[in-house]
Amino acid sequence: MGNYDALLVVSFGGPEKPDDVMPFLENVVRGRGIPRERLLEVEAHYQRFGGASPINQQCRDLIAAVEPTVDLPVYWGNRNWHPYLEDTLRRMASDGVRRAAAFVTSAYSSYSACRQYIDDIALARAAVEGAPEVVKLRHYFDHPGFVAAMADHTREALDRLPAGLRDSARLVFTAHSIPTSMAVTAGPGGGAYEAQLRRAAALITAEVSGGDREWDLVWQSRSGAPHIPWLEPDVCDHLLEVDAPAVALVPIGFVSDHMEVVYDLDVEAAETARKIGLPLVRASTAGTHPRFVSMVGELLAEPEPVACAATCCPAPPRRRG
């Protein structure tokens with residue numbers, strides 16, 4: 001496929017047992033000055049689920065589904081936990097891989113959703129003698145495969161509501177909040193993260209109901225100092241105000257379940273809805289939906305993407321206090 005001799009799946013990474021959780025979190029926040037109290041709070045979310053994030057197993061499942069569909073060896077490297085990118089690139093170099101396409105489990109533009117992946121790939125390559133060239137495949141938020149997968153999962157979620165509520169339920173699309181300073185500079189011209197999410201939400205809604213349904217885009221999983229502005233409204237705040245007989249949460253900001261999905265939506269948002277008597281269902285992430293799986297091969301067959309400019313999606317300023 002193309003001029004590649006391997007496919008590299010690049011993901012965020014996550015702990016797989018209780019003793020992994022704090023070292024993983026320290027990797028994620030290194031250099032950001034996050035208070036220890038906040039790390040302990042987030043650690044408790046993971047420990048509630050046995051100290052394991054779903055994301056690594058979902059990466060394994062995705063790779064198992066993709067491998068039969070592409071005529072390339074498939075490797076997997078994470079930014080923040082085993083298998084680390086550097087270790088994977090070292091194995092690829094030993095296997096004779098010279099040029100690989102990188103499929104990143106993040107569909108959008110922003111510093112945290114794209115630039116950090118590019119930078120971490122570059123750092124890992126610099127640490128490995130003879131590391132292969134790695135070409136990041138394009139953003140796929142509007143690819144028909146992603147849209148079809150999320151539309152199917154949304155319909156499945158709506159079908160779990162009582163019959164009388166399905167047609168009137170409001171679609172509430174969620175994505176990871178980011179600092180507004182990061183949102184403003186996302187993409188070549190700025191504002192791309194939110195614009196791409198709104199485009200994806202509109203395409204999915206059109207697939208589900210011809211676009212004739214009310215929907216919102218809200219945010220989840222905010223972290224960081226309270227005085228630093230992040231994208232709002234938060235999903236739980238929105239549920240308290242939404243004017244709808246029922247809601248289907250659609251986590252389009254994620255392509256597989258993260259702890260942010262299973263805790264922030266399945267625990268916190270579900271509890272908020274229960275307290276106010278709001279019927280609530282949550283759509284699955286894209287996961288291993290057949291159209292999402294086939295999309296990976298379709299991306300490999302496209303013309304090679306133009307590399308992002310070094311100035312695209314700059315890191316947000318770090319503030320003290």
Side-chain angles (χ1 to χ4, degrees), residues 1-14 27 55-56 58-67 69-143 145-146 186-188 192-193 196 253-256 258 285-288 292-310 312-313:
M1 288 187 169
N3 295 313
Y4 310 116
D5 51 13
L7 172 65
L8 172 62
V9 174
V10 185
S11 196
F12 190 82
N27 277 349
I55 188 172
N56 273 6
Q58 294 211 354
C59 279
R60 294 185 185 99
D61 294 342
L62 177 62
I63 290 166
V66 166
E67 281 181 321
T69 72
V70 297
D71 188 24
L72 293 172
V74 182
Y75 296 82
W76 167 34
N78 289 328
R79 288 178 46 215
N80 297 295
W81 202 245
H82 306 282
Y84 285 109
L85 267 169
E86 182 178 328
D87 295 334
T88 300
L89 287 173
R90 188 168 287 109
R91 181 160 64 93
M92 294 169 72
S94 177
D95 290 346
V97 175
R98 293 292 171 258
R99 197 165 194 269
F103 175 78
V104 170
T105 60
S106 176
Y108 302 93
S109 298
S110 78
Y111 173 71
S112 59
C114 182
R115 173 56 59 184
Q116 275 193 300
Y117 285 90
I118 294 171
D119 290 349
D120 284 358
I121 289 170
L123 287 171
R125 290 188 67 241
V128 175
E129 184 177 355
E133 179 185 359
V134 178
V135 178
K136 180 182 178 293
L137 298 174
R138 71 168 174 91
H139 302 123
Y140 48 85
F141 63 92
D142 58 351
H143 191 285
F146 178 64
Y193 182 65
Q196 289 170 358
F254 306 84
V255 302
S256 61
H258 294 214
T285 49
T288 56
F292 187 66
V293 170
S294 65
M295 179 196 77
V296 179
E298 292 165 20
L299 291 173
L300 282 168
E302 290 182 357
E304 185 174 317
V306 177
C308 294
C312 189
C313 297

J.: Check whether any side-chain heavy atom of Pro305 sits under 4.5 Å from a side-chain heavy atom of Lys136, and report yes or no.
T.: no

J.: Got Leu89 and Met92 here, is their nearest side-chain heavy-atom distance under 4.5 Å?
T.: yes

J.: Can you measure from CD1 (Ile63) to CH2 (Trp76) and round to the nearest 0.5 angstrom?
T.: 6.0 Å

J.: Distance to the ring centre below 6.0 angstrom and angle to the axis at most 45 degrees; does that hold for Arg79 and Tyr117?
T.: yes

J.: Rounded to the nearest 0.5 Å, what separation is found between the CZ atom of Phe141 and the CZ atom of Phe146?
T.: 10.0 Å

J.: With a 4.5 Å heavy-atom cut-off, do Glu302 and Glu298 have their side chains touching?
T.: no

J.: Quick one: are Leu7 and Tyr75 in side-chain contact, heavy atoms under 4.5 Å?
T.: no

J.: Give a yes or no on whether the backbone of Gly145 and the side-chain of His143 come within a donor-acceptor separation of less than 3.5 Å.
T.: yes

J.: How close do Gly14 and Asn56 get, heavy atom to heavy atom, and via which atoms?
T.: O-ND2, 3.2 Å

J.: Does either side chain, that of Tyr84 or that of Asn27, offer a donor lying less than 3.5 Å from an acceptor on the other one?
T.: yes

J.: Just by distance, do the side chain of Gln196 and the backbone of Ser109 share a donor-acceptor pair under 3.5 Å?
T.: yes

J.: Can you see which heavy atom on Ala65 is nearest to which on Val293, and at what distance?
T.: O-CG1, 3.5 Å

J.: As an exercise, state the distance from NE2 of His258 to OG1 of Thr285, rounded to the nearest 0.5 Å.
T.: 8.0 Å

J.: Any side-chain heavy atom of Asn78 within less than 4.5 Å of one from Leu85?
T.: no

J.: Report the C-alpha separation of Val104 and Leu137 in whole Å, then their side-chain angles, then the decisive distance to 0.1 Å, and conclude whether the side-chain contact (heavy atoms from CB on, under 4.5 Å) test is met.
T.: CA-CA 8 Å; Val104 170; Leu137 298 174; over 6 Å; no

J.: What's the separation between atom CD1 in Ile118 and atom CD in Gln116, rounded to the nearest 0.5 Å?
T.: 11.0 Å

J.: Using a strict threshold of under 4.0 Å (side-chain N to carboxylate O), is an ion pair present between Arg115 and Asp119?
T.: yes

J.: Locate the shortest heavy-atom distance separating Thr88 from Gly77; write the atom from each residue and the value.
T.: OG1-CA, 3.5 Å

J.: How many angstroms lie between atom OH of Tyr108 and atom NE2 of His139, to the nearest 0.5 angstrom?
T.: 11.0 Å

J.: Apply side-chain contact (heavy atoms from CB on, under 4.5 Å) to the pair Asp120 and Val10, showing each step before the final yes or no.
T.: CA-CA 10 Å; Asp120 284 358; Val10 185; over 6 Å; no

J.: Can you see which heavy atom on Ala101 is nearest to which on Leu300, and at what distance?
T.: CB-CD2, 3.5 Å

J.: Kindly give the heavy-atom pair with the smallest separation between Ala113 and Ser106, and that separation in Å.
T.: O-OG, 2.8 Å

J.: Going by salt bridge (charged side-chain N to carboxylate O under 4.0 Å, His left out), name the pairs with one or both residues in residues 96-112, residues two or more places apart or in two chains.
T.: Arg99-Glu133, Arg99-Glu304

J.: Could you walk me through whether Val296 and Thr69 satisfy the side-chain contact (heavy atoms from CB on, under 4.5 Å) test, starting with their C-alpha distance in whole Å, then the side-chain angles of each, then the deciding distance to 0.1 Å, before giving a yes or no?
T.: CA-CA 9 Å; Val296 179; Thr69 72; 5.9 Å; no

J.: Checking side-chain contact (heavy atoms from CB on, under 4.5 Å) for the pair Ser11/Gln58: CA distance, chi angles, key distance, verdict?
T.: CA-CA 10 Å; Ser11 196; Gln58 294 211 354; over 6 Å; no

J.: So how far is it from Leu8 CG to Leu72 CG, rounded to the nearest 0.5 Å?
T.: 11.5 Å

J.: Any idea which heavy atoms bring Asp5 and Ala100 closest together, and the distance?
T.: OD1-N, 4.3 Å

J.: Which word best sums up how the rings of Phe103 and Tyr140 line up, parallel for under 30°, tilted for 30 to 60°, or perpendicular for over 60°?
T.: parallel

J.: Can you tell me if Ser256 uses its side chain to pair, donor with acceptor, with the backbone of Gly287 under 3.5 Å?
T.: no

